[in-house]
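Remarks on the structure that follows.
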There are 2 protein chains.
Amino acid sequence: MALGTDYSGQDCSLAKALEVVGERWSLLLVRDAFLGVTRFSDFRRRLDISKAVLTQRLGSLVEAGVLERRMHGGHDAYVLTPSGEALWPAVYALMRWGDATTSTRGPRRLFRHLPCDVDVDVSGRCPVCRATPPAAELETRPGPGAGTDPPTNPLSARLREPHRLLAPLRE
Amino acid sequence: MALGTDYSGQDCSLAKALEVVGERWSLLLVRDAFLGVTRFSDFRRRLDISKAVLTQRLGSLVEAGVLERRMHGGHDAYVLTPSGEALWPAVYALMRWGDATTSTRGPRRLFRHLPCDVDVDVSGRCPVCRATPPAAELETRPGPGAGTDPPTNPLSARLREPHRLLAPLRE
DNA sequence: CGTCGTGGTCTGTTCAACAGACCAATCGAG
DNA sequence: CTCGATTGGTCTGTTGAACAGACCACGACG
């Protein structure tokens, strides 16, 4: 999308947002970052994306301030910045719409507000404390709409187990 | 994006959603549909998109059940279906993220909950009735972050005036 | 020392988006 | 009725992004 990525001349917040996260793969990378994926090769395993494009996407997300790249011994780690974490409501809303339109058995993934120990509602709000919790306070687990096939790789298996959002899966 | 539009093999609601609205232009078309745009030529005027691609995008949104095409005398009208209207929380969340990351003077557009006569908050909720109102109950107007240049065409000028979402601008 | 995993770059190909020409149907003005 | 403008497209040639896959440098491990 990159050439056209500049929806220039548009005085619109949505267009600005899409210039950053509207390209192919971008939001799926952000989603996996919320789930705890941090490494180049792990993003690749999850997404079946070409290396060149992954390099480019991670680079542009870093440049846009959505991800931060941390050198970490032998390997790198890409983690969400506060600005990237602020994408959570948008990611959640799109997931719920995807569930509503394509799943007959309910959400594929559920999110529990850890301090209150309840699942958030369809608008992302905690029914107990009535707040819209940030991703860091949520734990995710498969929902009734989740697929039944065995995961294709150990990484995806780990991502299916209940775990806190934003917690890196590897040190 | 269309070839790759099938994020196939992904058991993920976000991927399903992006297969429908993740292509270039799609969400901007949906945004304009919320603002009341219904006609082929009006989408074109707003978006500076090639005719062939617009034809294709409108077609795939209709096929996906997001838009409905109504023959209407000499011209056609594309209007949001209930499923399309359900995209409002996602569109709103992305707009707010776009504002937060690219606007220094606040939101470019504000949304008022008509029954309660108050602006909705950053999470899309009405501070009075505490509900997350559907788009049909909202009125929009320019916010403090809106651009100051004069609109490039009469259509965009009309879209700047306060008006109810989903209300067609033309009969 | 060989080999595996990591994190890339480079090359050739394919396919979607683009600009712009063209066109049939309809509508309003004269 | 005729003329021109508008609407809602289709078609063609070009460009550029995504893709598959080869290659490579570095470090860890056995």
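Atom set for the values below is all heavy atoms of this structure, side chains included, hydrogens, waters and symmetry mates excluded. Note on naming: letters A, B, ... go to the chains in the order of the sequence lines (proteins, then strands), and numbering restarts at 1 for each one.
- As a whole-Å value, the separation of B:Asp76 CG from C:dA25 C1' is 12 Å.
- The existence of a salt bridge linking B:Arg45 and B:Asp32 is excluded, since no basic side-chain nitrogen approaches an acidic carboxylate oxygen closer than 4.0 Å.
- The side chain of B:Ser41 sits closest to D:dG8 out of D:dG8, C:dC10, C:dG7.
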For B:Leu114 and B:Glu137: C-alpha separation, side-chain torsions, deciding distance, then whether side-chain contact (heavy atoms from CB on, under 4.5 Å) applies.
CA-CA 6 Å; B:Leu114 286 170; B:Glu137 294 179 5; 5.5 Å; no
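- If you take CZ of A:Arg39 and C1' of D:dG27, they are 12 Å apart, rounded to a whole angstrom.
- For A:Thr55 and C:dT9, the shortest distance from a side-chain N or O to OP1 or OP2 is below 4.0 Å.
- Distance, B:Arg57 CZ to D:dG8 C1': 18 Å, rounded to whole Å.
- Between B:Tyr78 and D:dT7 there is no side-chain polar atom (N or O) within less than 4.0 angstrom of OP1 or OP2.
- A salt bridge is defined here as a Lys NZ or Arg NE, NH1 or NH2 lying under 4.0 Å from an Asp or Glu carboxylate O, and B:Arg70 with B:Glu68 meets this definition.
- Projected onto DNA chain D by closest heavy-atom contact, B:Phe40 and A:Asp48 fall at different nucleotides, the more 5' of which corresponds to B:Phe40.
- A sub-4.0 Å separation between OP1 or OP2 of C:dG5 and a side-chain N or O of A:Arg45 is absent.
- Rounded to an integer number of Å, the gap from CZ of B:Arg44 to C1' of D:dG9 is 10 Å.
- Applying the 4.0 Å criterion to OP1 and OP2 of D:dG9, one finds that B:Arg69 has a side-chain N or O inside that range.
- Under a hydrophobic-cluster definition in which Ile, Leu, Val, Met, Phe, Trp and Tyr are linked whenever side-chain heavy atoms come within less than 4.5 Å, directly or via other members, A:Val20 and A:Val79 are assigned to different clusters.
- When the P atom of C:dT9 is taken as reference, atom CD1 of A:Ile49 falls 13 Å away, rounded to whole Å.
- Nucleotide C:dT9 holds its C1' atom 15 Å from the CG atom of A:Leu58, rounded to whole Å.
- In terms of phosphate contacts, A:Arg24 brings a side-chain nitrogen or oxygen within less than 4.0 Å of OP1 or OP2 of D:dC19.
- A close approach under 4.0 Å does occur between a side-chain nitrogen or oxygen of A:Gln56 and OP1 or OP2 of D:dA18.
- If you measure from atom CG of A:Leu54 to atom P of D:dA20, you get 13 Å, rounded to the nearest angstrom.
- Separating the CG atom of B:Leu155 from the C1' atom of D:dT7 is a distance of 15 Å, rounded to the nearest angstrom.
- Considering only side-chain atoms of A:Lys51, the nucleotide from C:dA21, C:dG7, C:dA17 that sits closest is C:dG7.
- Out of C:dG7, D:dT7, D:dA18, the shortest distance to the side chain of A:Trp25 is found at D:dA18.
- Among the protein residues, B:Phe43 comes within range of no part of the nucleic acid, since none of its heavy atoms lies under 4.0 Å from any strand.
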Test side-chain contact (heavy atoms from CB on, under 4.5 Å) applied to A:Lys51 and A:Leu54, step by step
CA-CA 5 Å; A:Lys51 291 176 158 196; A:Leu54 179 56; 5.6 Å; no
